[in-house]
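No experiment lies behind these values; they were computed from the predicted model shown.
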Amino acid sequence: FLIGKGPAGGVQGPGERGSCAAVPTRAEQAALSVNEEDDMNARRTVLVGIDGSAAALRAVRWAVPEARRRRAVLHLVTALAWTEDRLVGLPGLGQAPYGQYLRAAAENSLAAAEAAALEADPDLPVERELALSFPAGLLLERSQTAELLVIGDHGRGRIASAVAGS
């Protein structure tokens, strides 16, 4: 059964033409109410990409009031694109120590970002994630479930941005 406005402005019944909306059955109504409850209970997240730069810290400071406004968790994420099979590194350190150095730098960046967030709002729930991945792919994947993705801008200026194409 469809209900809506018919061509003459009156209520439309079955089989009549015009704009209309379906009236859900009781089973469909029950399923809709369960889905609405799931949506209300779903975890809200503001995702911030962290790369250790001052621009990333500015992004964190911008995202804090936005997460508070949305009643969301602030999720800080950084990607470490390093595996032991890489052929690059610092010759004096060797492969494994260089990977450990990169991991420590990424963890320090996340700690600084978390400190900046908690300084701005000590009551805001903040999560940190360090993933072995490439940054663009990780941000794309994590943004699928986030309400908002925030990344920093290095502010190259108009001329440099025009040359770089962004």
Side-chain angles (χ1 to χ4, degrees), residues 22 24 28 30-166:
E28 291 170 328
L32 287 174
S33 67
V34 168
N35 289 338
E36 288 172 2
E37 287 176 17
D38 287 346
D39 288 344
M40 289 174 51
N41 294 329
R43 195 181 91 153
R44 304 176 84 153
T45 303
V46 171
L47 179 68
V48 184
I50 305 299
D51 65 357
S53 67
L57 291 178
R58 284 192 302 274
V60 169
R61 290 184 192 102
W62 184 91
V64 166
E66 192 62 29
R68 174 61 60 201
R69 185 180 71 77
R70 293 171 184 259
R71 296 185 180 126
V73 172
L74 187 66
H75 187 90
L76 309 172
V77 63
T78 193
L80 182 60
W82 173 264
T83 60
E84 290 297 322
D85 62 345
R86 294 281 176 118
L87 297 176
V88 297
L90 293 177
L93 289 179
Q95 288 295 98
Y98 186 63
Q100 293 167 359
Y101 168 79
L102 291 177
R103 182 178 189 85
E107 288 172 350
N108 289 339
S109 296
L110 281 172
E114 181 181 36
L118 293 175
E119 180 181 320
D121 187 342
D123 298 325
L124 184 69
V126 178
E127 296 177 346
R128 297 182 345 187
E129 178 185 4
L130 173 60
L132 186 62
S133 180
F134 289 97
L138 179 66
L139 290 174
L140 181 62
E141 179 186 324
R142 296 299 187 270
S143 70
Q144 299 300 311
T145 56
E147 284 197 12
L148 181 67
L149 168 62
V150 183
I151 56 175
D153 173 21
H154 291 278
R156 291 185 296 257
R158 290 178 21 193
I159 294 174
S161 293
V163 170
S166 61

Testing the basics here: between [X] and [Y], what is the closest heavy-atom pair and its distance to 0.1 Å?
X      : Y      : result
Val48  : Val60  : CG1-CG2, 3.8 Å
Ala131 : Arg142 : CB-NH2, 4.5 Å
Val46  : Ala67  : CG2-CA, 3.8 Å
Gly152 : Ala59  : N-CB, 3.7 Å

When rounded to the nearest 0.5 angstrom, what is the spacing between [atom1] in [X] and [atom2] in [Y]?
X      : Y      : atom1 : atom2 : result
His75  : Glu129 : NE2   : CD    : 4.0 Å
Leu132 : Arg103 : CG    : CZ    : 8.0 Å
Leu139 : Asp51  : CG    : CG    : 9.5 Å
Leu149 : Gln144 : CG    : CD    : 10.5 Å
Trp62  : Leu57  : CH2   : CG    : 16.0 Å
Ile50  : Asn108 : CD1   : CG    : 13.0 Å

*Mind checking what makes side chain to side chain donor-acceptor pair (under 3.5 Å) contact with Glu66, not counting sequence neighbours?*
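Expected list: Arg69, Arg70.
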*What residues, two or more places apart in sequence or in another chain, satisfy side chain to side chain donor-acceptor pair (under 3.5 Å) together with Thr145?*
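Listed in chain order: nothing, the list is empty.
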_Side chain Ser143, main chain Ala146, donor-acceptor under 3.5 Å_ = no
*Could you tell me whether a side-chain N or O of Ser133 sits under 3.5 Å from a main-chain N or O of Ala79, the two making a donor and an acceptor?*
no
*asked:* Contact between Arg68 and Asp123 at the side-chain level, heavy atoms closer than 4.5 Å - yes or no?
replied: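 Heavy-atom side-chain distance check passes, below 4.5 Å.
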